[in-house]
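See below for the structure under consideration.
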Amino acid sequence: MSSPRYSPRELEPKWQARWEESRLYRSTEKSSREKFYCLEMFPYPSGDLHMGHMRNYAIGDAYARFLRMKGYNVLYPMGYDAFGLPAENAAITRKVDPAKWTRRSIERMMSVQRRMGLSYDWERTLATCEPAYYHWNQWIFLKFLERGLAYRRSAPVNWCPSCGTVLANEQVENGGCWRCSSQVEKKDLEQWFFKITEYADELLKDLDALENWPERVKTMQRNWIGRSEGAEIDFPLVGSDTIISTFTTRPDTVFGITYLVLAPEHPLVAQLVSGSEREKAVLDFADRAMRQSAIERTDETRDKVGIDTGRRFINPVNGQQFPILVADYVLMEYGTGAVMGVPAHDQRDFEFARKYGLPVRVVIQDETGALDGDTMVCAYEGDGPMVDSGPFNGRNNREAMGHFVTHLEDNGWGRSAVGYRLRDWLISRQRYWGTPIPVIYCGGCGTVPVPEDQLPVLLPHDVEFTGEGNPLETSPSFLNTSCPSCSGPGRRETDTMDTFIDSSHYFFRYTDPAYGKLPFDPDKAAYWMPVDQYIGGIEHAILHLLYARFFTKGLRDLGLTDVGEPFTRLLTQGMVIKDGAKMSKSMGNVVPAEDMMERYGADTARMFILFASPPEKELEWSDQGVEGSFRFLTRVHRLVVENRHLLNGAIGGQEVEDETARSLRHATHRTIRKVTDDIERRFQFNTAISAIMELVNELQRFLTERGPEVTAGRGAAGEAIRVIVLLLSPFAPHLAEELWETIGQPYSVALQEWPQYDPDLTVSSSVEVVVQVNGKVRARFAANPEASEEELKEAALRIPRIKEYLEGSELVKLVVVPGKLVSIVVR
RNA sequence: GGGGGAGUGGCGGAACUGGUAGACGCAUGGGACUUAAAAUCCCAGACCCGUAAGGGUGUGAGGGUUCGAUUCCCUCCUUCCCCA
C-alpha cells in the first residue's frame, strides 16, 4: 500500500488558510462555557522572531488549544509592544520614518507567527504605537495626575549618555543601562513620576495571594520593594533650630550613636557649612562624590570617604553631642539621605569610625560580656543584653525594640516608620518614539493638563532625527500651542512616556481593542479579566510584572475594574541555549525560526521545542533533535494514512477482543490520562509528548503483529488512531487537522472534545512486585494489584531465590508496600 | 557579600507522595531490505568483573535519618540567575 508523503510545506499553509477563512479561533463573550484568558507577553517588533519567541508561543498555543478542547471559552490574543528605541535609531542612521519601520517589522513578525499556525484571535490585534492605543496612555496619565499618582519634580536621576535619556531605577542593571549597558550617570532634572510607592504595601501584601506564581519571582519582587520596619529619629543641630531626620531599622542602638552622616546631595549640606572655614572643602568634596556612580559609592569592598562639616548634633536620648559628616557611601535616594552612625554594631559604620577616629560605643553585649569599643576589631551585629542604654540596661535588644520606638514617640524624638527600597517610577523619556506626555506649559497658568477631549496628543511628523537631543524639540508644529486654560501661548511637554507604560495595561485592551470611550470596556474586562495564564520570560520578573500590577491597582481605584491582580497564574519559560550559551546575535549561534519552518514545517519545530525540555527550564537546541521530531511526525502520518480503513468499523468494546487488543486499549486510556494530567496539572509538555510517542510505538507493534488486515481488534486499533490524532492536535495542529480529515472526521479537530479515559481501562490486571533483601532487588513476581499485604508476603517468601537468601539468617524485619514491593531485612 | 535555582548514561531529559534509577528522544554499534546508498524496519546498550547465570558499583563530593534516599537533613564543591 503506497501512501502520500508527509509534506508540511503543502499541508500547513492549506490549513492555515482554512482556519482563517472559517474564523475558527475568534472568541466572543457570548458563551455559556467558562472563560479562560491565556496570554503570552507581547513582543517588541524588531522584525526578527527568535527562538525565545517561538518557545513562548509554542507553549501558549498548545495550552490554548488544549483548553478549547476541554470546553473553555478561550481568549488568546496577540499584539505588539511597538514603541521604543530601535525604531528611532533606524530613523537616525537610515532616515526611515519610525512609524513605517515599525509597521514593516510588525508585518514581518506577524507573517512568521502565522506560519507557526498559532490559534490567536487575530481580530483583536493591537500595536501600542497606534494613536487609538496610546490615546489611553495619555488618558490614564491625566487621571493619575488628578489623583496625585502622577507628579513632576526635580530629582537626581539615572541618565544614559548613549541613549540620551533618563532611566527608571528598575532599568539600571549593575550600574549600566538595561538596553545598551553604558555606564549610567546621575543628573538633576525636572521629571515626571508615577507614585508607585503609594501601592508599595499592597504590591507586597498581595504577592502572598498569588499562589500560582513561581516563588522566585515573588521573592525578587519582595526584595525589590524592600519593606523594612524601624523608626525615624529627629536630631536637633547644636546652635540651630534645624532638625536632621534619619531612618533606621535598629532603633535599639540609638544610645550607641557617635556621629551622623549626610549624603553629598542632602539639601542641608550647603546650609550647615555656609560661611564657615570648611565651606569650600566640604562643597568640593560633595561635588566630587556626586559625580561618581551609585555602584562605586556603595561598593562595600572600597574605602569609604567622608569629611567633617564641623557642626554637631544632640542625640536626644542621652543629650550628648557628636559630629556631623558628609560621606560618599550615603545615597540621597535611600531613606532620608542621612544615616546615624553606630560603629559598635554596624560593620560599615565601624570601618568608617576607625578610619576617622570617631568613638565606638558598645550598647549591646555579646555572650562574653567583654565587648569594649576601644579594643574591638569588628562590629558586633548580633543580639544580647543592652548596656549604657539608660532605662533599657539589662534587657535583650530584640525584646526591647518596640519599647525603644515608644520611648522615642513619648518624648517627641521620633516615630515608628516603615522604609521601602522601592522608589517612585520615573516615566519621562527624552525620546521621540513614545507616547507624548499630555501637558502644556503656560507662562501664566503654569503646568496645564491637556483636556481629555483634545486627546490624543499625536506625534508630529515634522521632526529631525539628528541623534542628539529630543527630536520632538525640533518640531515647531508640536512645540507651539495655546494654553487650554487662558488661550495664551503655550509650549508642549516634549518628554514621552516610558514604554513600560504601554505594556502595563494592554491585557485589558485585548478584551475590546477598538473601544473608543475608555481604555477598555468595563463589562468585557469584567468578563475576561484577570488573565488566567500568563507566559513569558523570567527577565520581566521585576520590571514589567511589577508595573502591570501597579497599573491594575491604579485602574481599579479609578473604578474601571474590580480586578486587583492582573495575572492569576504565571509561567516563566527558560532560555533557549545553543552550544552552552544563550542564543543571541552577539554569540552568533542563532537558529532563525523561519529557516526551521522552511525545512521541517511549523509542527516539527513546535514539537521539538516542547519535547526537548520542560517549559520552565533552559532548552538546549539540537539540530539532530529536530530531525527526530520530524521523523516522529512522519511516522504518525504514515501510520494513520495506511491504516485509515480501520476507522470504518466499530470503535472499542463492540467486538470480541483478545488479550493483545485489550492491552492496546489499556495503553490508549492510560495515555489519555497521562497526557491530560501532564498538560493540565503539571504543565509539562515534554512528558506528555513522550507518552504519545509510547502509544504510537505500541500501536505500531500491534499492527505489525496483526498484518494489514487486522482481523481481531480493529476497534482497539481504530480507537488508538483517533486518540493519537486528538492528543497530538495541541502540539502539531496542522498534521492533526490533516489526519482528522484523513480518517473521515468532520472539520475541525480543534473543535473536538478532548478525549476522556475510561477509568476501568486504566487499571491493569497484573502488577510487577519487587522483592528486596537488605535493600537490594533480588527478585520480581507478577501479582494481582489488589493482593493483600499478607498474600504478597507469602508470595515473596515462596520464591526459591529469596529462600536461599533467608537460609541461615534471621529475618529481622519485613515491609510490604501493596502493589509495589516487599522489603526483607535479614541478619 | 546576601537571596534563589540547578548538578542523573556520550547528549537532551524521565522517575509526580521516600518504594524497580535512566521512560521518551538524540547520537552510537549490530542486523534486515537494496546492485549500492538514502530512507525505513528490527535488535543492543549506565559502568566494572564474568562466556553465561550472576555479582559489585552508580544520580556533583562527604556525612546523617530510614527496611529503603535522585527525592528529606547537615557540610562542602561547581554552575546559572537576581540583588548588592
Side-chain angles (χ1 to χ4, degrees), chain A residues 5-6 169-170 172-175 214-226 294-302 329 331 334 347-348 421 537-543 572 574-575 577-582 607-614 616-632 634-635 638-639 671 674 677-678 681-698 700-701 704 767-781 801 804 811-827:
Chain A
R5 274 169 46 93
Y6 170 46
N169 281 2
E170 288 83 356
V172 180
E173 293 168 352
N174 293 321
E215 207 48 55
R216 65 195 200 110
V217 173
K218 290 192 279 184
T219 306
M220 279 160 70
Q221 291 214 355
R222 281 192 193 104
N223 292 342
W224 186 262
I225 295 167
I295 300 299
E296 287 174 274
R297 282 170 56 182
T298 53
D299 183 352
E300 280 177 36
T301 60
R302 169 177 163 278
Y329 72 91
L331 301 178
Y334 298 115
Q347 185 58 25
R348 251 175 23 164
R421 221 185 69 99
I538 186 78
E539 64 273 20
H540 295 107
I542 298 174
L543 289 162
T572 49
M575 285 192 301
I577 303 283
K578 186 160 188 253
D579 308 322
K582 183 182 168 158
M607 275 304 266
F608 172 72
I609 287 171
L610 295 175
F611 177 65
S613 180
E616 302 218 63
K617 272 194 149 184
E618 289 179 350
L619 184 147
E620 174 77 38
W621 189 264
S622 151
D623 291 334
Q624 284 142 339
V626 177
E627 199 82 44
S629 291
F630 181 72
R631 265 202 304 262
F632 171 69
T634 307
R635 213 143 60 83
R638 200 183 52 236
L639 189 69
T671 304
K674 165 91 177 141
D677 189 56
D678 279 352
R681 184 177 62 83
R682 303 213 301 159
F683 232 101
Q684 210 168 277
F685 304 105
N686 55 332
T687 46
I689 292 171
S690 323
I692 300 172
M693 287 173 167
E694 282 178 83
L695 180 59
V696 170
N697 293 344
E698 187 86 20
Q700 201 149 47
R701 266 194 299 275
T704 312
V767 286
E768 191 180 40
V769 173
V770 166
V771 187
Q772 294 184 338
V773 179
N774 288 348
K776 294 205 166 71
V777 179
R778 297 300 183 186
R780 299 151 201 272
F781 65 94
R801 246 175 79 71
E804 280 171 39
L811 197 156
V812 180
K813 191 166 183 172
L814 197 142
V815 181
V816 181
V817 182
K820 286 252 161 78
L821 62 78
V822 178
S823 180
I824 303 165
V825 188
V826 296
R827 199 162 37 209

query: For atom C1', what is the distance between rC16(B) and rC26(B), given to the nearest Å?
result: 25 Å
field: Who pairs with rG1(B) - Watson-Crick or G-U, where each distance is under 3.5 Å
entry: rC83(B)
statement: Of all heavy-atom pairs linking A691(A) and K674(A), the shortest is CB-CG, 3.6 Å
message: Rounding to an integer number of angstrom, what distance separates rU17(B) and rA38(B) when you compare their C1' atoms?
response: 49 Å
task: From the options rC67(B), rU20(B), rU40(B), select the nucleotide whose nearest atom is closest to the side chain of V770(A).
output: rU20(B)
query: Rounding to the closest angstrom, what is the interatomic distance between rC76(B) and rU28(B) at atom C1'?
result: 37 Å
message: For rG19(B) and K820(A) - does any side-chain N or O of the residue sit under 4.0 Å from the phosphate oxygens OP1/OP2?
response: no
query: Would you say rC83(B) has OP1 or OP2 under 4.0 Å from some side-chain N or O of R421(A)?
result: no
task: Check the distance between rA39(B)'s C1' and E627(A)'s CD and give it to me in whole angstrom.
output: 11 Å
- request: Take atom P in rG4(B) and the same atom in rG64(B), then report the distance between them in whole Å.
  value: 27 Å
- prompt: Considering all heavy atoms of both residues, which atom of N774(A) and which atom of V825(A) are nearest to each other, and what is their separation?
  reply: OD1-CA, 3.4 Å
Between N or O atoms, less than 3.5 Å apart, protein on one side and nucleotides 53-59 of chain B on the other: list the pairs.
unit_1  : atom_1 : unit_2  : atom_2 : d
rG55(B) : OP1    : R778(A) : NH1    : 3.2
rG55(B) : OP1    : R801(A) : NH2    : 3.2
rG55(B) : OP1    : Y805(A) : OH     : 2.9
rG56(B) : OP1    : R778(A) : NH2    : 3.4
rG56(B) : OP2    : R778(A) : NH1    : 3.2

statement: Closest non-hydrogen atoms of D678(A) and A688(A), given as atom of the first, atom of the second and distance, are OD2-N, 3.3 Å
- request: Could you work out the separation of rA84(B) and rU75(B) based on their P atoms and round it to a whole Å?
  value: 27 Å
- request: Please measure how far the C1' atom in rG18(B) lies from the corresponding atom in rU65(B), and state the result in whole Å.
  value: 11 Å
Nucleotide N/O of nucleotides 12-15 of chain B paired with protein N/O under 3.5 Å:
unit_1  : atom_1 : unit_2  : atom_2 : d
rG12(B) : O2'    : A612(A) : O      : 2.8
rG13(B) : O3'    : N686(A) : ND2    : 3.4
rA14(B) : OP1    : N686(A) : ND2    : 3.1
rA15(B) : OP1    : R682(A) : NH1    : 2.9
rA15(B) : OP1    : R682(A) : NH2    : 2.8

message: Please give me the minimum heavy-atom distance between N686(A) and F611(A), naming the atom from each residue.
response: CB-O, 3.2 Å
query: According to the Watson-Crick and G-U wobble definitions, with both distances under 3.5 Å, which nucleotide is paired to rU66(B)?
result: none
message: Could you walk me through whether E694(A) and T671(A) satisfy the side-chain contact (heavy atoms from CB on, under 4.5 Å) test, starting with their C-alpha distance in whole Å, then the side-chain angles of each, then the deciding distance to 0.1 Å, before giving a yes or no?
response: CA-CA 8 Å; E694(A) 282 178 83; T671(A) 304; over 6 Å; no
task: If rA14(B) has a Watson-Crick or G-U wobble mate with both distances under 3.5 Å, name it; if not, just say none.
output: none
message: Measuring only the C1' atom in each nucleotide, how far is rG19(B) from rA69(B)? A whole number of Å is fine.
response: 10 Å
query: Can you find a side chain N or O atom of R631(A) that sits less than 4.0 Å from OP1 or OP2 on rA27(B)?
result: yes
field: Residue pair V771(A) / I824(A): nearest heavy atoms and the distance that separates them
entry: CG1-CD1, 3.9 Å
query: In terms of side-chain geometry, is the basic nitrogen of E698(A) or R701(A) positioned less than 4.0 Å from the acidic oxygen of its partner?
result: yes
query: Does rU78(B) pair with anything, Watson-Crick or G-U wobble, both distances under 3.5 Å, and if so, with which nucleotide?
result: rA6(B)
task: Please state how far atom CG in N223(A) lies from atom P in rC81(B), giving the value in whole angstrom units.
output: 18 Å
- prompt: Is R682(A) close to T687(A) at the side-chain level, that is, under 4.5 Å between some pair of heavy atoms?
  reply: yes
Under-3.5 Å donor-acceptor pair between Q772(A) side chain and rU20(B) base: no
query: Is the phosphate of rG25(B), meaning OP1 or OP2, less than 4.0 Å from a side-chain N or O of N697(A)?
result: yes
message: Applying the Watson-Crick and G-U wobble criteria at under 3.5 Å, what pairs with rC41(B)? Answer none if nothing qualifies.
response: rG31(B)
- prompt: Would you find a donor on one side and an acceptor on the other, under 3.5 Å apart, between the side chain of S613(A) and the backbone of E618(A)?
  reply: yes
Between rG50(B) and rC41(B) - P atom distance, rounded Å: 37 Å
- line: Out of rG4(B), rU40(B), rC67(B), minimum distance to the side chain of R216(A) belongs to rG4(B)
